[in-house]
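Fair warning: this is a prediction, and the values are worked out from it, not measured in the lab. We use all heavy atoms of the structure for the numbers below, so side chains are in, but hydrogens, waters and symmetry mates are not. In what follows, chains are A, B, ... by sequence order, proteins preceding strands, each numbered from 1.
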There are 2 protein chains.
Amino acid sequence: MAPRLVKNGHSFYVPVMPKVTEEHRAARRAQIVAAARRCVIEQGFHKTTMAEVIRESGLSAGAVYGYFKSKEQIVEAIAEEALSTVDELFGKLLASEEPLSPLAALEAALNHVVSIAERPGGDVTRVAIQAWSEALRNPAIMTIAQGKYAQVRGRFEDVARRGQADGTVDPSVDPRHIAQALFGIVPGFLLQRLIMGDVAPGTYTAGLRALLRS
Amino acid sequence: MAPRLVKNGHSFYVPVMPKVTEEHRAARRAQIVAAARRCVIEQGFHKTTMAEVIRESGLSAGAVYGYFKSKEQIVEAIAEEALSTVDELFGKLLASEEPLSPLAALEAALNHVVSIAERPGGDVTRVAIQAWSEALRNPAIMTIAQGKYAQVRGRFEDVARRGQADGTVDPSVDPRHIAQALFGIVPGFLLQRLIMGDVAPGTYTAGLRALLRS
DNA sequence: CTCAATAAAGAACGGTCATTCGGTTTTTCG
DNA sequence: CGAAAAACCGAATGACCGTTCTTTATTGAG
């Protein structure tokens, strides 16, 4: 519902804004996204039909299409949401504990994955996996994924640099490569959690630590 | 085309086998799978239409449906193929080099990922990511994924046990957890390779090794 | 070579689904 | 309160797509 140009009493064309409050529109939008998220978690992006999203949202087709131009836009909104959740952690994490070892940051990240997976509103990590898949053929989602994950890797890079300054991490290795390795552990954990269902942050990092001695 | 029971000249019902050789049928099947794989790599499971697979295979609708009962069966065949490729490596790897450290096995696995990604016939790792996504809502693919990945993890577990026997790996840690951690590094590498496009096995494992000192 | 049965072909069908659009309700503002 | 515009509704639409089915070609046996 883009503002349209209409003639006012002074014979000027002015933009006409929505009649409802911006909060109302935001709430409706969130309502649609939440409904769509539930559908996507159960059925995936492609098997989810607009009819289901519409029913689940409690709105009508016309209303939903007043907020999103197409199904693809809803999918993008959900994908972005899912791809953003990993980074949430770092705001709190990096601010608080001053001496933060890379492995401690990683364990915090894995714990964060579990906590967002168990959040009410549905396991968003399921959406993340679908977003990876979708990114391969949807340039918009690919761009979102690249941006979000570059950001997370930047966070890990900071942690690596800090470790090198502390002397706890080999300073001769490019911190970007350390960040790649650190970040890359998260998808493997997340995937095994959903497919195999037998991993836990504590034992996972323990297994990792045992390796470092080889 | 299952063999049917027909009455022969001796009044017995016997199975009637296809008129063409079994090799011919296998070749045709492979032809269809290869065509479908190309389509799926470009467009994904869901955006790939049977019309495209049919055109790409050079066959007709009737012919294709003589080899696969449905699109879903083709998808399953491709997913299984993609989920199997990671394990290919271990047959050669575990047989040859006797002293095999876990990190060496991992680096070999990452190199293997790159080599299968560059194989002619298309980057199968793209299909693997889609298979993960699909497994979340398709029980058949979920079962395949669980089986294949349990197998790969079993291989890594053997390697971990060997390392513990050698004294190069902490023997107090459950080798299953070490296997989880080792295996879990592969998806993260594969994902970053496709999404970020800036990882390489050598520097990746170097980044990992730098961590182990913290 | 002839016959019978399989294999392949491809046009047609039926169902599904995203989206639209004309009508109705609700909201805001003078 | 009354008018005008936005917000909402939901049945209708038209494109797309997996699958089938009838017809034709090919194969191998006798």
Side-chain angles (χ1 to χ4, degrees), chain A residues 1-10 13-29 31-32 35-36 39-40 43-78 138, chain B residues 1-10 13-32 35-36 39-40 43-77 138:
Chain A
M1 240 122 265
R4 298 176 314 141
L5 293 183
V6 300
K7 210 172 174 189
N8 68 4
H10 305 280
Y13 286 90
V14 298
V16 170
M17 295 309 283
K19 285 243 177 159
V20 296
T21 64
E22 204 48 56
E23 295 79 52
H24 177 241
R25 286 194 67 81
R28 275 279 201 270
R29 202 188 142 94
Q31 185 179 350
I32 294 166
C39 294
V40 166
Q43 320 210 13
F45 283 144
H46 296 280
K47 285 276 156 85
T48 293
T49 68
M50 285 303 287
E52 286 162 346
V53 174
I54 288 160
R55 180 165 31 74
E56 190 78 9
S57 73
L59 296 174
S60 67
V64 169
Y65 275 89
Y67 290 87
F68 291 93
K69 185 172 115 277
S70 64
K71 181 184 175 183
E72 188 168 316
Q73 288 213 342
I74 299 180
V75 166
E76 278 176 32
I78 293 177
N138 182 329
Chain B
M1 238 124 271
R4 298 178 313 141
L5 293 183
V6 300
K7 209 169 174 191
N8 67 4
H10 304 282
Y13 285 90
V14 297
V16 169
M17 295 310 282
K19 283 242 176 157
V20 295
T21 65
E22 203 49 54
E23 294 79 52
H24 177 241
R25 288 193 67 81
R28 276 281 202 269
R29 202 189 141 94
Q31 185 179 351
I32 294 166
C39 294
V40 166
Q43 321 211 15
F45 284 143
H46 296 281
K47 285 275 156 87
T48 293
T49 68
M50 285 303 289
E52 286 163 345
V53 174
I54 288 159
R55 180 165 32 74
E56 189 77 10
S57 71
L59 297 174
S60 67
V64 170
Y65 275 89
Y67 290 87
F68 291 93
K69 186 170 114 276
S70 64
K71 181 185 176 185
E72 188 168 316
Q73 287 212 345
I74 299 180
V75 166
E76 279 176 32
N138 181 329

Short side-chain N/O contact to D/dA6 OP1/OP2 from A/Arg25, under 4.0 Å: no
Spacing of CD belonging to B/Glu22 relative to CZ belonging to B/Arg29, to within rounding of 0.5 Å: 10.5 Å
Whole-Å distance separating the CD atom of B/Glu52 from the P atom of D/dC17: 7 Å
Short side-chain N/O contact to C/dA9 OP1/OP2 from B/Ser60, under 4.0 Å: yes
Protein-nucleotide distance (A/Lys71, atom NZ; D/dC16, atom P), rounded to Å: 16 Å
Sugar-phosphate, base or nothing in reach of A/Arg28, heavy atoms under 4.0 Å: sugar-phosphate
Face-on cation placement of B/Arg28 at B/Tyr67 ring, 6.0 Å and 45° thresholds: no
Sugar-phosphate only, base, or nothing, as touched by A/Thr48 at under 4.0 Å among non-hydrogen atoms: sugar-phosphate
Criterion side chain to side chain contact (heavy atoms under 4.5 Å, CB included) on A/Thr48 and A/Val53, from CA distance to verdict: CA-CA 7 Å; A/Thr48 293; A/Val53 174; 3.6 Å; yes
Atom-to-atom span, CD1 of A/Ile32 to C1' of D/dA7 - whole angstrom: 12 Å
Any donor-acceptor pair under 3.5 Å from A/Glu52 side chain to A/Thr49 backbone: yes
Residue-phosphate contact under 4.0 Å: B/Tyr65 side-chain N/O, C/dA8 OP1/OP2: no
Interatomic distance where CD1 belongs to A/Ile54 and C1' belongs to D/dC8 [whole Å]: 12 Å
Spacing between A/Arg55 atom CZ and D/dC9 atom P, to the nearest angstrom: 15 Å
Length of the CD1-P vector between A/Ile74 and C/dT19, whole Å: 9 Å
Closest to the A/Ala61 side chain, choosing from C/dA8, D/dC9, D/dA11: D/dA11
Given DNA chain C, 5'-ward residue of the pair A/Lys47 and A/Lys69, judged by closest heavy atom: A/Lys47
Sugar-phosphate only, base, or nothing, as touched by A/His46 at under 4.0 Å among non-hydrogen atoms: nothing
Nearest-neighbour nucleotide for the A/Thr49 side chain, D/dC17, C/dA8, C/dA18 considered: C/dA18
Nearest listed nucleotide, side chain of A/His24, among D/dG18, D/dA7, C/dC17: D/dA7
Spacing between B/Tyr67 atom OH and D/dT20 atom C1', to the nearest angstrom: 18 Å
Value in whole Å for how far the C1' atom of D/dG18 lies from CD of B/Gln73: 14 Å
Side chain B/Gln31, main chain B/Ser57, donor-acceptor under 3.5 Å: yes
